[in-house]
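The block underneath contains the structure these notes are about, expressed in structure tokens.
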Amino acid sequence: MLDLKFVRENVAKVKEAVENKNEKTDVDLILSVDEKRRSLLSEADKLKHQKNVVSEKIAQMKKEKRDAKEEIEKMRKVSAQIDSLDKELKEVEEKMADLLLTVPNVPHSSVPIGFDEDSNVVVRTWGEIPKLDFEPRPHWELGQILGILDLPKAAKVSGTGFLVLTGKGAKLQRALINFMLDLHTQKHGYEEVLPPFMANRPSMTGTGQLPKLEDDMYLCEREDLFLIPTAEVPVTNLHREEILKAEQLPVYYTAYTACFRREAGAYGKDTRGMIRVHQFDKVELVKFVKPETSYDELESLVIDAEEVLQLLGLPYRVRVLCTGDLSFAAAKCYDIEAWASGVGKYLEVSSCSNYEDFQARRMGTRFRPKKGGKLQYVHTLNGSGVALPRTMIALMENYQTKEGTILIPEALRSYMGGMEEIK
RNA sequence: GGAGAGGUGCCGGAGUGGUUUAACGGGGCGGUCUCGAAAACCGUUGUGCCGUAAGGCACCCCGGGUUCGAAUCCCGGCCUCUCCGCCA
């Protein structure tokens with residue numbers, strides 16, 4: 001959420017952001033509602049002031065046992081006026097709040113302007129794309145041959161877009177989770193959190209999934225709870241409506257969770273295998289930082305995520321997203337994409353974003369800079385560190401052998417009980 | 001699910017229908033003292049909104065209601081705690 005004052009004072013900038021992000025927010029409507037709101041507010045405030053003054057007078061008169069009938073009668077009328085103004089004001093303010101939630105964050109000045117993902121810019125690549133001397137198999141074939149991925153059973157149990165990992169496949173997934181959590185907690189200084197996999201509306205609104213993306217999420221209607229689409233939601237909301245101490249910043253969290261996405265509107269895309277599924281595992285990184293450091297923190301966040309792929313020996317590239325591909329709440333975002341030999345393309349395994357104070361303002365997460373200074377909103381960031389099925393895909397497809405087995409990267413072997421190969 | 005208790009500021013914790021941002025304590029900040037520090041003492045310390053400003057308004061979990069006037073009384077909701085039931 002942007003500050004209403006900021007919108008008022010930076011109309012051109014906000015309209016440009018709406019345009020560049022391909023959003024449809026009506027900024028002029030916001031301005032006119034704001035004007036209405038302010039005029040109602042000052043009218044109501046005047047009457048309330050009168051009420052307060054006269055109420056005090058009535059109290060005084062009662063104390064002196066004088067008759068206050070006339071004043072009471074007058075106030076009865078004023079109160080009625082206030083009531084009706086307040087009612088109108090409430091409607092206008094609710095409308096204002098709803099409108100403000102539809103204004104996207106303003107992209108950082110370093111973000112390339114562009115309409116869609118074709119304008120994303122590769123900032124670096126790492127590793128060599130493996131040159132296999134045989135026709136590489138896609139992961140679903142490998143999974144079937146080795147008996148570690150059973151898509152037909154997943155379809156039977158739940159439907160398309162779900163996975164059943166079995167035996168060494170399940171173990172490999174668990175190994176990856178543990179490997180990543182250990183890396184981030186032990187080497188990168190993140191605190192591990194295991195949050196709920198369901199979140200309420202205020203939380204979903206806090207991080208910016210609501211109101212825009214409601215249809216992309218699974219909703220348990222009886223409880224009005226959403227299955228989390230990412231650990232970003234529960235972990236970032238840990239500090240909703242809180243005032244953090246300046247000296248405790250920056251705060252780093254890492255969390256493993258399952259993630260649930262309806263993938264509405266993605267029908268026909270990546271339907272085979274486990275590239276795009278309704279439920280997947282992910283290790284997430286979340287940061288709460290001081291505003292002046294947030295862009296440095298974004299760079300180090302990306303590096304922390306990249307290290308996962310480096311240690312696994314998976315080649316990847318990092319792209320900075322252009323304005324049109326940038327999510328609603330983000331000010332800047334890097335995608336990390338791992339190369340997968342079987343399907344022959346780069347797969348997005350991480351998205352690292354700086355939200356600046358956009359989420360913090362929605363959540364009410366602030367800190368006091370020091371010495372009785374004014375409260376300020378923190379900056380929040382998060383990134384996958386990293387998402388699992390696609391990392392599994394890259395691993396399976398890049399480490400496959402001519403015989404259809406999969407070599408296990410060095411870094412993972414201790415997590416696999418010393419296993420060197422899945423065969 | 002049943003019964004009870006409670007939700008107050010940065011934190012702990014009082015609170016009478018009528019000068020309430022709200023006793024008291026802690027913390028923070030400023031100062032006195034000190035070579036320096038601790039201790040002690042004194043002072044100070046909420047947030048948001050409107051307004052060029054002076055100033056004003058709102059806020060004691062959330063939403064309604066009663067009243068000239070509600071942190072205080074009534075109703076609904078959410079959350080926490082205790083006991084009982086159920087349960088991996």
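Order of the sequence lines sets the chain letters (A, B, ...), proteins ahead of strands, with each chain counted from 1.
Look at the P atom in both A37(B) and G28(B): the space between them is 16 Å, to the nearest Å. U44(B) sits 12 Å from A22(B) when the P atoms are compared, rounded to a whole Å. When the P atom is compared between G7(B) and A14(B), the two are found 8 Å apart, to the nearest whole Å. Spacing between C61(B) and G6(B) at atom P, rounded to whole Å, works out to 14 Å.
Side-chain polar atoms of Thr166(A) and Lys153(A) form no donor-acceptor pair below 3.5 angstrom.
Side-chain proximity of His49(A) to the nucleotides G18(B), A58(B), G56(B) is greatest for G56(B).
Taking 4.0 angstrom as the limit, Ser42(A) places none of its side-chain polar atoms (N or O) nearer than this to OP1 or OP2 of G56(B). Within the structure, a side-chain polar atom (N or O) of Arg37(A) is placed less than 4.0 Å from OP1 or OP2 of C50(B). Applying the 4.0 Å criterion to OP1 and OP2 of C50(B), one finds that Arg8(A) has a side-chain N or O inside that range.
Test Arg390(A), Gln400(A), Glu397(A) against His139(A) for side-chain hydrogen bond (donor to acceptor under 3.5 Å, both in side chains) and you get one pass: Glu397(A).
With RNA chain B read from its 5' end, the first of the two nearest nucleotides for Tyr377(A) and Arg76(A) is the one closest to Tyr377(A). Of the two residues near RNA chain B, Ile58(A) and Asn52(A), the one whose nearest nucleotide lies more 5' is Asn52(A).
Taking NZ from Lys46(A) and CG from Leu85(A), the interatomic distance works out to 11.0 Å, rounded to the nearest 0.5 Å.
Applying the salt bridge (Lys or Arg N to Asp or Glu O under 4.0 Å) rule to Arg261(A) yields no partners; only residues at least two apart in sequence or on another chain are considered.
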